[in-house]
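Atom set for the values below is all heavy atoms of this structure, side chains included, hydrogens, waters and symmetry mates excluded. Chain naming here is simple, since letters A, B, ... match the order of the sequence lines and numbering starts at 1 in each.
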Amino acid sequence: MSRSSSSSVQSLDMSEENHHNFADYAELRSNMQNLAKSSGITKALQAFRLMRTAAPGKPTIYDYNSLINCCLKSENLCLHDLSALYSEMKTLGLSPNASTFNTFLKGLNLIGESKVALWVIIEMCNHAFTPSFTSLSTLLKKCSDSMELEDAITVLELMMGLNYIPTEPQVILLINRLSKHGMTEKACLVLCKLLDKGYFPSPYIYNPIIWSLCKSDQISIALAIFCSLEKKGFVHNVCSYTALFYGFCKKRLFKEASNCLNKMTTNSRFYPNVRTYTTFIKCLCDNGRIQEALSLLGRMEKRGLDPDIVTYNIILRALSNQNMVHEVFDLFQTIYQKELSPDRYTATALSGLLKKGNLGIARTLLHDIFYGGSDMDIAVYNVYYSLFSGFKSKELSYVIECMIKNDIEPNNISFNTILKGFCKGKSMDEALKYFQSIKKPDLVSFNTILSAACKKGDSKMVQKVIDLMKDEGFKLNVVGFTCLMQYYCNVGKLNDCLDAFECMISQGLRPSMVTINSLMIGLCKNRELEAAYWVFCNLESYGLSSDSRTYKILMRAAKIEGNDLLVEELQRKCRGEGVKPNN
DNA sequence: GTAGGGTTAG
């Protein structure tokens, strides 16, 4: 601050009456600017108003613009003050010029106030000024970056109204964000508007839309967009095709998936790559066709496509779910031989082994990954927690300590996993105590403790949990009903089991195969083989088809009862239909 | 620069 303006500040501070001392307009101007930078808007505004009395025809819009510029650079700026400045300008009868708006925009963009910047842009248009390409383009990026996607769309529309063509990276950013945050429809609209303007989209622009549609089971819309773009002469790439392939696999449209894959092999532009094959491998694994997945892995390597850690993690998970311990071990050897680093997904892929009770080997492998230096997240900790019963373990204390040190927050899956650990222990009271310590128990928490009570045949606890659920406004779902059905069968109350099943159906809940198999076991145990077979034959009415477990249950009962006819019938069906694996 | 992967209850 200059000496003279510093003395002016003092004078200004002393009293209003002294203001006639400021005759010099230039001094007032520089004084005002300094005040705006250092002492905030109120003082600067006082100086601004003083100008009116000090010099006729002042302040001008240029004084105003420079005041805005200084204020925007001040460290303690608040938006309320800015709005006050704008009103002050209008009160003085000044009309904003292009520079006024550009000054606002430059400053607002710098401080990341995209909402206010958009307001300024609209105000600018209302005053018949045209915002520059740069200001709109900067704002578009800012809005997309800060997830103000509706605003980003408004900016894009303004741009297109002015015949400004947004840059490709910015369009990609916006469409990507929209597609990944449940706004795929909006992303489509953006794409359409661009096409209407004669924009030539690369696959990088529309692939996120196709992927998002395929992931949310809207393959027909994805296909429509894909074909329409093709018709218009746009050339897809391997990522576009892989999206469709993924969509077909997900919907179990195997014939279409196979056609899609064949089409891909006809052109080097979209020849299947590691990700395409990985998608296929995942599909095979999800449908219990693990041997085919392994053979595909081999074929892919022969074609010179090296599986990466994602591919291996998918196979590892499938092997682990099937409890194929040796294969899991071998695959780990391969991963290490290829110098790939196991990551958080490798760790969680092992949860199947834990579920099947293979704690020893799972613990060893998990331990190696956990201490191997990769970044872990809550899902890995949650898998780790399933190793422990209750809280009486040094290892568990250490793992919790690690989690806190790494700033990782536990979620309900963590609490429910630990609750299950308590449930494995002897005391239901201790489990209940832990349950009651969970701040926001969810339906899974209730089912965890209900299941434990049911398995232990603890009728008082079963009633207690059901009452608790009622109090807290939770309704039984299919899992809860299935627990109860199993419990009734175990205590020899077949009729109560059937009542529970009917109650579930009457509430519009659809049984799963686990429910059906539980019912089968109950019926067979009570020598109601005919009833069980009837359920088996009418599975379609529930939209279900039997799995390998259903066959085993019936087969075993038929053999015990000496019902050879049924045994033969089941064998025939088993050969004819190709039984689904039980996952 | 677009794409493939995971953790809790029956």
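- Relative orientation of the Y371(A) and Y398(A) rings is parallel, given thresholds of 30° and 60° on the angle between their planes.
- Atom P of nucleotide dG4(B) and atom CD1 of I315(A) are separated by 18 Å, given to the nearest angstrom.
- Sorted by residue number, the list of members of residues 359-366 of chain A with any non-hydrogen atom under 4.0 Å from DNA chain B is empty.
- In this structure, the nucleotide among dG10(B), dG6(B), dA3(B) sitting nearest to the side chain of R317(A) is dG6(B).
- No contact: S414(A) has no heavy atom under 4.0 Å from any strand.
- Looking at heavy-atom distances under 4.0 Å, T515(A) makes contact with a base.
- Taking Y487(A) as the reference, nothing meets the ring pair (Phe, Tyr, Trp, His ring centres under 6.0 Å) condition, with sequence neighbours excluded.
- Partners of F280(A) by ring pair (Phe, Tyr, Trp, His ring centres under 6.0 Å), not counting sequence neighbours, listed by chain and number: F245(A).
- For dG4(B), the base has a donor-acceptor partner in the side chain of T278(A) [N/O atoms by modelled type, under 3.5 angstrom].
- Listed nucleotides dA3(B), dG10(B), dG1(B) differ in distance to S512(A); the shortest reach to its side chain belongs to dG10(B).
- At a cut-off of 3.5 angstrom, the base of dG4(B) holds no donor-acceptor pair with the side chain of T242(A).
- Nearest to the side chain of V380(A), among dT7(B), dG10(B), dG6(B), sits dG6(B).
- For the pair L519(A) CG and dG10(B) P, the computed distance is 18 Å after rounding to whole Å.
- Residues in residues 469-483 of chain A take part in no salt bridge (Lys or Arg N to Asp or Glu O under 4.0 Å) pair, two or more places apart or across chains.
- Here dG4(B) presents its P atom at 10 Å from CD1 of I314(A), a figure rounded to the nearest Å.
- The side chain of K455(A) places an N or O atom within less than 4.0 Å of a non-bridging phosphate oxygen (OP1 or OP2) of dG10(B).
- With sequence neighbours excluded, the residues satisfying side-chain hydrogen bond (donor to acceptor under 3.5 Å, both in side chains) with Q170(A) are S137(A).
- Here dG1(B) is the nucleotide among dG1(B), dG4(B), dA3(B) with the atom lying nearest to any side-chain atom of S202(A).
- Pairs passing the salt bridge (Lys or Arg N to Asp or Glu O under 4.0 Å) check and including a residue from residues 304-318 of chain A, sequence neighbours excluded, do not occur.
- Summarising the geometry, the separation between CE on M504(A) and P on dA9(B) is reported as 19 Å, rounded to the nearest angstrom.
- In this structure, F370(A) and Y381(A) have perpendicular ring planes: the angle between them is above 60°, well past the 30° mark.
- Taking 3.5 Å as the limit, the base of dG4(B) and the side chain of T276(A) contain no donor-acceptor pair of atoms between them.
- Residue pairs meeting the salt bridge (Lys or Arg N to Asp or Glu O under 4.0 Å) criterion with at least one member in residues 366-382 of chain A, sequence neighbours excluded: R344(A)-D377(A).
- At whole-Å resolution of the value, CG in N321(A) and P in dT7(B) are 7 Å apart.
- In the set dG6(B), dT8(B), dA3(B), dG6(B) carries the atom at the smallest distance from any side-chain atom of R344(A).
- The Y204(A) side chain lies nearest to dT2(B) when the options are dG6(B), dG10(B), dT2(B).
- Annotation: proximity of residues 463-479 of chain A to DNA chain B (heavy atom, distance under 4.0 Å) is found for N477(A), V478(A), V479(A), numbered in ascending order.
- Counting non-hydrogen atoms under 4.0 angstrom, K250(A) reaches nothing in the nucleic acid.
- Within residues 171-180 of chain A, the residues approaching DNA chain B are I172(A), N176(A), K180(A), by heavy-atom distance under 4.0 Å.
- The nearest whole Å value for the distance from the CD1 atom in I205(A) to the P atom in dT2(B) is 13 Å.
- Listed candidates were dG6(B), dA3(B), dT8(B). Nearest to the side chain of V444(A) is dT8(B).
- Among the atoms of the strands shown, base atoms are found under 4.0 Å from some heavy atom of E168(A).
- When V491(A), N526(A), I521(A), L519(A) are each tested for a side-chain contact (heavy atoms from CB on, under 4.5 Å) with C497(A), only one passes: L519(A).
- Within the nucleic acid shown, N237(A) comes within 4.0 Å of at least one base atom, counting heavy atoms only.
- Nucleic acid contact class of P203(A) (heavy atoms, under 4.0 Å, all strands): base.
- Distance from the side chain of N447(A) is smallest to dA9(B) among dT8(B), dG10(B), dA9(B).
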Name every donor-acceptor pair, under 3.5 Å, that has one atom in a side chain of residues 500-509 of chain A and the other anywhere in the protein, sequence neighbours excluded.
{"from": "S506(A)", "atom 1": "OG", "to": "E502(A)", "atom 2": "O", "distance (Å)": "3.4"}
{"from": "S506(A)", "atom 1": "OG", "to": "C503(A)", "atom 2": "O", "distance (Å)": "2.7"}

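- Atom pair L443(A):CG and dG10(B):C1' shows a separation of 11 Å (rounding to whole Å applied).
- The minimum heavy-atom distance linking P166(A) with M159(A) is given by the pair CA-CE, 4.1 Å.
- For A379(A), whose side chain is taken as the heavy atoms from C-beta onward, the closest listed nucleotide among dG10(B), dA3(B), dG6(B) is dG6(B).
- Here K282(A) pairs with D286(A) in a salt bridge; the nearest charged N to carboxylate O distance falls below 4.0 Å.
- Residue side chain N382(A) does not reach the base of dG6(B) through any donor-acceptor N/O pair under 3.5 Å, judged by distance alone.
- For Q337(A), the side chain to side chain contact (heavy atoms under 4.5 Å, CB included) criterion is met by no residue, not counting sequence neighbours.
- Distance CG (L191(A)) to C1' (dT2(B)): 13 Å, rounded to an integer number of Å.
- Side-chain nitrogen and oxygen atoms of K424(A) include none within less than 4.0 Å of the OP1 or OP2 phosphate oxygen of dA9(B).
- Residues passing the ring pair (Phe, Tyr, Trp, His ring centres under 6.0 Å) test with Y488(A), sequence neighbours excluded: none.
- Residue ring and base: Y345(A) does not count as stacked with dG6(B) (centre distance below 5.5 Å and interplanar angle below 30° not both satisfied).
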